[in-house]
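To start, the structure itself, in structure tokens.
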Amino acid sequence: MTRLSVNINKFATLRNARGGNLPDLIEVARDCERFGAEGITVHPRPDERHIRYQDVLDLKPVVTTEFNIEGYPSREYLDLVLKVKPDQCTLVPDPPDALTSNTGWDTIAHQDFLREVIAALKTAGIRVSIFLNAEPGLVAGARSAGADRIELYTGPYAHDYTRIIADEKFRKDNFEDTFVKTAAEATAAGLEINAGHDLNLLNLRYLKTHIPQLKETSIGHALVCDALYYGLENTIQLYKRELTGN
Ligand SMILES: CC(=O)[C@@H](O)[C@H](O)COP(=O)(O)O
Ligand SMILES: NCC(=O)COP(=O)(O)O
């Protein structure tokens, strides 16, 4: 089974736009779970452009499925997650001014740093996933750093999706030899696999079909946009249907 973890960053973007508490993130998280979400993901960025550190503290007692906190392992991030102790931390190499996450870790160059951070989080009983580009050669470094999971950065997959499904040579070079091979390497190394970034109702089923061992997809931007048209409950059900194949 592949869990759908709803990333609620963009609900916080809307809330912050007016300075009040509408939409109320606590209600959003509760409703997402009531509508079928199997996890809640947040990504508190240093500038608190959407999710604020206080939101993370407020959400902790509310989330009853799986709580996944993404972020760059700065001192502030680590102090927060070691206080909150979520089910999972997903480490991303984003600089503070990143518009969004747009690359994964160099698990070789950052091996010592990742190993130290991951050890501290696992000592606190937190599962650790690290954001990874679909490059099979990076998997060994993720394993030796002590990660429990990798999260495949699916931005390039989403960008190239229509060519991937239409062009056999392009598909081999940009999906089979990257995403599928990286997933196979990770499974062989004993790592579980998450995926996320720019996944949507168009491209999700194909990814799940070709990487059936996916444990979790965390989806936010497109899901929130779809919810504006289809409603949140219906949208969550539509995304889950793409993961179950029904
Ligand atoms: C790690 C990842 O791909 C997403 O969590 C992404 O970072 C979303 O962040 P924004 O909502 O700030 O774009
Ligand atoms: N880890 C990916 C995530 O949480 C949401 O990414 P996106 O769907 O907002 O691109």
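Residues: numbered from 1 along the sequence shown. In each ligand, atom 1 is the first atom listed, and ligand 1 is the first ligand listed. A quick note: this is a predicted structure, and the numbers were derived from the prediction, not measured.
By heavy-atom distance, the residue among H221, R45, K10 lying nearest atom 11 (O) of ligand 1 is K10.
When the shell of 6.0 Å around CZ of R18 is examined, it contains 12 or fewer heavy atoms from other residues, nucleotides or ligands.
For R49, no heavy-atom contact with ligand 1 is shorter than 4.0 Å. Of the heavy atoms in Y153, none comes closer than 4.0 Å to ligand 1. Of the heavy atoms in H43, none comes closer than 4.0 Å to ligand 2.
Using cut-offs of 30° and 60° for the angle between ring planes, the Y157 and Y206 rings count as parallel.
Atoms of ligand 1 lying under 4.0 Å from at least one heavy atom of N7, given by number and element, are 5 (O). Close approach of ligand 1 to E70 is summarised as follows: ligand atoms under 4.0 Å from at least one heavy atom of the residue are 1 (C), 2 (C), 4 (C), 5 (O). Counting the atoms of ligand 1 from 1 in the order shown, those under 4.0 Å from a heavy atom of S101 are 1 (C), 2 (C), 3 (O), 6 (C), 7 (O). Atom numbering of ligand 1 starts at 1 in the shown order; those under 4.0 Å from a heavy atom of V92 are 1 (C). The ligand atoms of ligand 1 that sit less than 4.0 angstrom from a heavy atom of H50 are 10 (P), 11 (O), 12 (O). Listed by atom number, the atoms of ligand 2 under 4.0 Å from T41 heavy atoms are 4 (O). Under a 4.0 Å criterion applied to the non-hydrogen atoms of H197, ligand 1 contributes the atoms 2 (C), 3 (O), 4 (C), 6 (C).
Regarding atom 9 (O) of ligand 2, its nearest protein heavy-atom neighbour is H221 N, 2.8 Å. If you check which protein heavy atom lies closest to atom 8 (C) of ligand 1, you get N9 ND2, 3.7 Å. When only non-hydrogen protein atoms are considered, atom 10 (O) of ligand 2 lies nearest to D198 N, 2.8 Å. Nearest protein heavy-atom contact of atom 4 (O) of ligand 2 is N7 ND2, 2.8 Å. Here the heavy atom of the protein found nearest to atom 6 (O) of ligand 2 is H197 CA, 3.7 Å.
Salt bridge status for D79 with R75: present, with a side-chain N to carboxylate O gap under 4.0 Å. Between R15 and D24, none of the side-chain N atoms (NZ, or NE/NH1/NH2) sits under 4.0 Å from a carboxylate O, so this pair counts as no salt bridge. Residues R163 and D160 are not paired through a salt bridge, judged by the lack of any N-O separation under 4.0 Å between the basic side chain and the carboxylate.
With a 4.5 Å cut-off on side-chain heavy atoms, L22 and L14 do not count as touching.
In terms of polar-atom proximity, defined here as any N/O pair under 3.5 Å, G220 does make such a contact with ligand 2.
There is a path of hydrophobic side-chain contacts, each under 4.5 Å, that joins I118 to F113.
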